[in-house]
Number of protein chains: 2
Amino acid sequence: MSEDVIADGTTKKANPCCAPPGDVDPDAIATDLQILTAMGNDTRYELLRRIANADDGVCVCDLEAAVGVSQSAVSQALSRLYTAGLVTRRKEGSWRYYELTDTTAALLETLDNLRDTHE
Amino acid sequence: MSEDVIADGTTKKANPCCAPPGDVDPDAIATDLQILTAMGNDTRYELLRRIANADDGVCVCDLEAAVGVSQSAVSQALSRLYTAGLVTRRKEGSWRYYELTDTTAALLETLDNLRDTHE
DNA sequence: ACAATATATTAGTAGTTGCTTGTATAAGCT
DNA sequence: AGCTTATACAAGCAACTACTAATATATTGT
């Protein structure tokens, strides 16, 4: 990398390649990464898309049929989505209904638009 | 899960929990997952943010200084971002300059907006 | 041609992830 | 109360990831 001053106090010409970029807010990193890593998995992404397709919440039982993993895996995936703030959940009788949060809806829409405009 | 018909031809009442959600386009899944998994990593996300902060492309040498991993790791991370379509790269002399694609700029902006509106 | 710098590639590896299987909890049914 | 269904939790493990270290390639300067 670029180096202006070396140990003995003499200087060397800095690399003229470019100006180093500014810093990044650490909180933004943490928040965004939680979202991105939660969405960035085959099972969880497909669950999100299927939840998005339903109008008024989906119960776990019908999600299980859709993705090709065990009941336990679906439960774990949904928990992760929940703690990442990507879905809400409410209990009704013995069923649990999952719905997208606004965050997720916005991100999925952005991804849709990008796919459309990019051909 | 819900079950209407069983093997011997008799029927059982389907679960009244909800209507099963529609299918998801497999191509959309593949494309989006490539983007999400490429962005969803500490090093690569920070590289993207730093590239976004610069006006006219950043060379690898100054990115190395910013994130806390080896030169090799930065090179590998940038390659991955490139093959995922998240950055462009051009060579100029012995330096390589990376810039965001529109896709990435749009996604980062969406993430910024979500953080702002969600407090 | 040789040395130095900038970046990429390869191989090996520690740590992480996402599953499965088994078990637990909770609600509804008889 | 017992049986069944819906969901969650825990332990174990195979597969994957992202790093480091070493080496290769390309460009520039002497």
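Just so we're on the same page: letters track the sequence lines, and every chain starts at 1.
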### Task
May I have the step-by-step check of side-chain contact (heavy atoms from CB on, under 4.5 Å) for A:L108 and A:Y45, ending in yes or no?
CA-CA 10 Å; A:L108 290 179; A:Y45 178 88; 4.1 Å; yes
### Query
salt bridge (charged side-chain N to carboxylate O under 4.0 Å, His left out) between A:E92 and A:R90: does it pass, once the steps are laid out?
CA-CA 7 Å; A:E92 226 165 88; A:R90 85 190 116 88; 2.8 Å; yes
### Task
Could you please spell out the steps behind the salt bridge (charged side-chain N to carboxylate O under 4.0 Å, His left out) verdict for B:E99 and B:R89?
CA-CA 6 Å; B:E99 272 178 275; B:R89 61 182 173 193; over 6 Å; no
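Salt bridge present: B:R49 and A:D32 bring a charged side-chain N and a carboxylate O closer than 4.0 Å.
For the 3.5 Å distance criterion, the side chains of A:T88 and A:T101 fail to qualify, holding no donor opposite an acceptor. Remark: the A:S75 side chain and the A:S72 side chain contain no N/O donor-acceptor pair separated by less than 3.5 Å. Counting only N and O atoms by type, the side chains of A:R80 and A:T43 include no donor and acceptor under 3.5 Å apart.
Spacing between atom CH2 of B:W95 and atom P of C:dA8 amounts to 14 Å, rounded to whole angstrom units. What separates CD of A:E92 from P of C:dG28 is a distance of 11 Å, to the nearest Å. Rounded to whole Å, atom C1' of D:dT17 lies 15 Å from atom CG of A:L33. Atom P of nucleotide D:dA6 and atom CZ of A:R90 are separated by 17 Å, given to the nearest angstrom. Rounded to an integer number of Å, the gap from CD of B:E64 to P of D:dA21 is 14 Å. Taking atom CD on A:E46 and atom C1' on C:dG18, their separation rounds to 15 Å, with Å as the unit.
Distances shorter than 4.0 Å separate some side-chain N or O of B:R44 from OP1 or OP2 on D:dA18. For the pair A:R96 and D:dA6, the criterion of a side-chain N or O lying under 4.0 Å from OP1 or OP2 is not met. A close approach under 4.0 Å does not occur between any side-chain nitrogen or oxygen of A:N41 and OP1 or OP2 of C:dT17. Phosphate contact (OP1/OP2 of C:dT7, side-chain N/O of B:K91, threshold under 4.0 Å): absent.
The base of D:dA6 lies outside donor-acceptor range of the side chain of A:Q71, with no N or O pair under 3.5 Å.
If you check every strand for non-hydrogen atoms under 4.0 Å, B:D42 touches nothing.
Between A:S94 and B:R89, the residue whose closest nucleotide on DNA chain C is further toward the 5' end is B:R89.
For residues 72-85 of chain A, proximity to DNA chain C is found at A:S72, A:A73, A:Q76, A:R80, defined as any non-hydrogen atom under 4.0 angstrom from a strand atom.
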